[in-house]
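When reading the values below, keep in mind they use all heavy atoms of this one structure, side chains included, and skip hydrogens, waters and symmetry mates.
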Amino acid sequence: MRCLRCVLLLSILVLLGTGCGNRTELNELGITAATGFDGGTGDWTVTFQIINPSALSNSSGASGAGGSQSPVHTFSTHGTTIRGAVSVGNLENPRRLYFAHNNIVLIGKKTAEQGIEEILDTYYRNPDARETVRVVIVDGEARDFLKKLTPPEKIPGQSLTQILQKNTQFGSYYPSITIHELALKITSDSAAAGVPTLAIKGEDDIKMNSTDIFNQTSTKGKLKISSLSVFRKSKKIGEIHQQESLGIAWLTDQIKSTTLSTLDSQSRQSAIFIRKAKVKVSPVLNKNNNFTLMVNAKVSGELLETISKEDVTSLYGLEKLQTQAEELIESQMREGWKTVQRMNIDLIGIADKIHRKYPKEWAKIKNSWPGELANMNLEIDVDVNIKRVGLLQNSFVDLLKSE
């Protein structure tokens, strides 16, 4: 009996000793919503945007007067390496930095131009850094952008991620990209990638750094996705504008949905919302040992708006509207293709397709790639199916004129 009591007592002590001894309280963590990188080899500046839970729990915290708490706290650290700069953060920040909820990575313009290989390296070596986080290039220093608040959302890091998601979901102008996708693209045969660029549009309002901005109905400046940064391997080599980026999004089958503004023969506009698009791009070797890029697109959508005189409920009128959409999509694809040839960079990923389909031919041209792009032809076949035109037979403009 005495032996049994000893065993039970020992078991209880073991259970008590292994309970929650290694627990970490939530108020001990510095939950990072966004991270920024500036500088380069031997001189890195890492900026952290930390969520302030007490300000978020207070309903008046973000929308109160100037004396209210900010929903986030931002600070920067310096080091000769990225992880060295992160560890220095413990000298001034009372909470352990926690990156599992990091929403977005901002990379400064100069850093992007010098090369981002060290940033990618640290994301693949450390288990607390998620390579599935989205990334943007900023038109300036990342630490300056992370100080900006973005009303009406309280946490700028989450707000910027939502802007990227909405752009991808409804506009497809600048397809978002994660750290992992970026690494895959620049290490592929194409060695090229596009990353959305974030810029301050309008006057840079100093109130963007203060909670006073939540008391305004409009701001002089705002953060906006403005262009697509083009990378060759690890370095940014240029930027392209919205229509060029949209054309490349078509050719890379990254159109989730978007809105087309078409013109008829009388320059009357219609708006067509693209709900579904499937684009197949394949290189074909012709008799002259040159490649032709064959593009086949199947697109469906619905009519949102029109001032055209065509009867869109008739088969003839509907086909004319579909033809206008097909011609517009083809012109957008050709603009994207011209950009690829002008910049001499394989943003479409053609090299990987040729390598898989024609491995022997790829071995002959890989050393001169992407210069071979200039010799390639492009053939496009677009089929648009408008499935819904709404309740009106004629446009409302013509309806009023006929009465």
Side-chain angles (χ1 to χ4, degrees), residues 120 131 135 168 172-196 228-238 240 243-258 274 276-300 326 329-384:
L120 298 177
E131 62 270 18
V135 57
T168 302
S172 303
Y173 300 117
Y174 304 109
S176 64
I177 190 169
T178 65
I179 285 282
H180 182 57
E181 291 169 338
L182 175 58
L184 288 180
K185 284 179 179 289
I186 63 176
T187 54
S188 68
D189 291 320
S190 299
V195 183
L228 192 74
S229 292
V230 178
F231 277 77
R232 174 175 284 133
K233 294 188 176 180
S234 65
K235 295 183 180 179
K236 174 185 171 181
I237 61 168
I240 59 176
Q243 288 304 310
E244 293 172 323
S245 177
L246 183 61
I248 290 170
W250 276 112
L251 292 172
T252 50
D253 195 23
Q254 290 183 292
I255 298 292
K256 304 297 182 185
S257 60
T258 191
I274 302 302
K276 188 177 180 181
K278 183 63 179 175
V279 182
K280 184 178 181 181
V281 178
S282 57
V284 176
L285 187 63
N286 57 36
K287 296 179 180 178
N288 299 323
N289 285 329
N290 289 327
F291 284 97
T292 299
L293 197 63
M294 307 295 293
V295 180
N296 186 279
K298 301 290 184 185
V299 181
S300 62
E326 290 166 356
I329 292 172
E330 180 175 344
S331 69
Q332 290 175 342
M333 288 181 176
R334 292 197 179 280
E335 183 155 6
W337 177 245
K338 286 180 182 176
T339 303
V340 168
Q341 292 189 312
R342 173 176 58 82
M343 298 186 73
N344 194 27
I345 186 158
D346 184 10
L347 283 171
I348 306 174
I350 308 170
D352 304 279
K353 296 178 186 294
I354 293 177
H355 192 176
R356 286 194 295 269
K357 190 174 181 179
Y358 302 99
K360 292 182 180 178
E361 295 299 325
W362 171 249
K364 297 176 184 175
I365 64 173
K366 68 178 183 179
N367 292 330
S368 57
W369 194 262
E372 295 290 334
L373 285 171
N375 299 324
M376 291 187 69
N377 298 317
L378 182 68
E379 292 188 12
I380 299 174
D381 180 26
V382 182
D383 180 23
V384 174

>> Quick one: does any side-chain atom of Ser172 pair with a main-chain N or O of Ser257 as donor and acceptor, under 3.5 Å?
In response: yes
>> Could you report the tightest heavy-atom contact between Asp346 and Ala351, atom names first, then the distance?
In response: OD2-N, 2.8 Å
> From Met376 CE over to Gln341 CD, what is the distance, rounded to the nearest 0.5 angstrom?
Replying inline: 8.5 Å
> Any salt bridge between Arg334 and Glu330, counting N to O under 4.0 Å?
Replying inline: yes
>> Rounded to the nearest 0.5 Å, what separates atom CG in Leu378 from atom CG in Leu251?
In response: 6.5 Å
>> Using side-chain heavy atoms (C-beta onward) and a distance below 4.5 Å, is Lys357 in contact with Val284?
In response: yes
>> Please determine whether a side-chain nitrogen of the Lys or Arg among Glu361 and Lys364 lies less than 4.0 Å from a carboxylate oxygen of the Asp or Glu.
In response: yes
> Which of parallel (below 30°), tilted (30 to 60°) and perpendicular (above 60°) describes Trp362 and Trp369?
Replying inline: perpendicular
> Does some side-chain heavy atom of Val230 sit less than 4.5 Å from a side-chain heavy atom of Thr339?
Replying inline: no
>> Whether the side chain of Glu326 engages the backbone of Val384 through a donor-acceptor N/O pair (distance < 3.5 Å, no angle test) should be reported.
In response: yes
>> To check you understand the geometry: which heavy-atom pair defines the closest contact between Ile365 and Glu372, and what is its length?
In response: CB-CG, 4.0 Å
> Which heavy-atom pair separates Trp250 from Gln332 by the least distance, and what is that distance?
Replying inline: NE1-OE1, 2.8 Å
> Got a salt bridge between Lys280 and Asp253, using NZ or NE/NH1/NH2 to carboxylate O under 4.0 Å?
Replying inline: no
>> Quick check for you: to the nearest 0.5 Å, what is the distance between Arg356 atom CZ and Ser282 atom OG?
In response: 11.5 Å
> Going by heavy atoms in the side chains, are Tyr173 and Thr258 under 4.5 Å from each other?
Replying inline: yes
> Got a second to check how far Leu373's CG is from Met343's CE, nearest 0.5 Å?
Replying inline: 12.5 Å
> Do Thr292 and Pro283 touch side chain to side chain, with heavy atoms closer than 4.5 Å?
Replying inline: no
> What are the two closest non-hydrogen atoms of Tyr174 and Leu228, and how far apart are they?
Replying inline: CE2-N, 3.8 Å
>> Rounded at 0.5 Å granularity, tell me how far NZ in Lys353 sits from CZ in Phe291.
In response: 13.5 Å
> How about Ile177 and Pro196: do any of their side-chain heavy atoms sit closer than 4.5 Å?
Replying inline: yes
>> Can you confirm whether Trp337 sits close enough to Leu293 that some side-chain heavy atom of one is under 4.5 Å from a side-chain heavy atom of the other?
In response: yes
> Quick one: does Asn286's side chain have a donor or acceptor within less than 3.5 Å of a partner on Asn288's backbone?
Replying inline: yes
> Is the backbone N or O of Gly371 less than 3.5 Å from a side-chain atom of Ser368, with the two atoms forming a donor-acceptor pair by type?
Replying inline: no
> If only atom types and distance count, is the side chain of Asp383 paired as donor or acceptor with the main-chain N or O of Lys298 below 3.5 Å?
Replying inline: no
> If you take all heavy atoms of Asp352 and Ser190, which pair is closest and at what distance?
Replying inline: OD2-OG, 2.8 Å
> If you measure from CE on Met333 to CD1 on Ile248, what distance do you get to the nearest 0.5 Å?
Replying inline: 12.5 Å
> Which atom pair, heavy atoms only, marks the closest approach of Lys233 to Ile186?
Replying inline: O-CG2, 3.0 Å
> Do Leu246 and Ile255 come within less than 4.5 Å of each other through their side chains, counting heavy atoms only?
Replying inline: yes
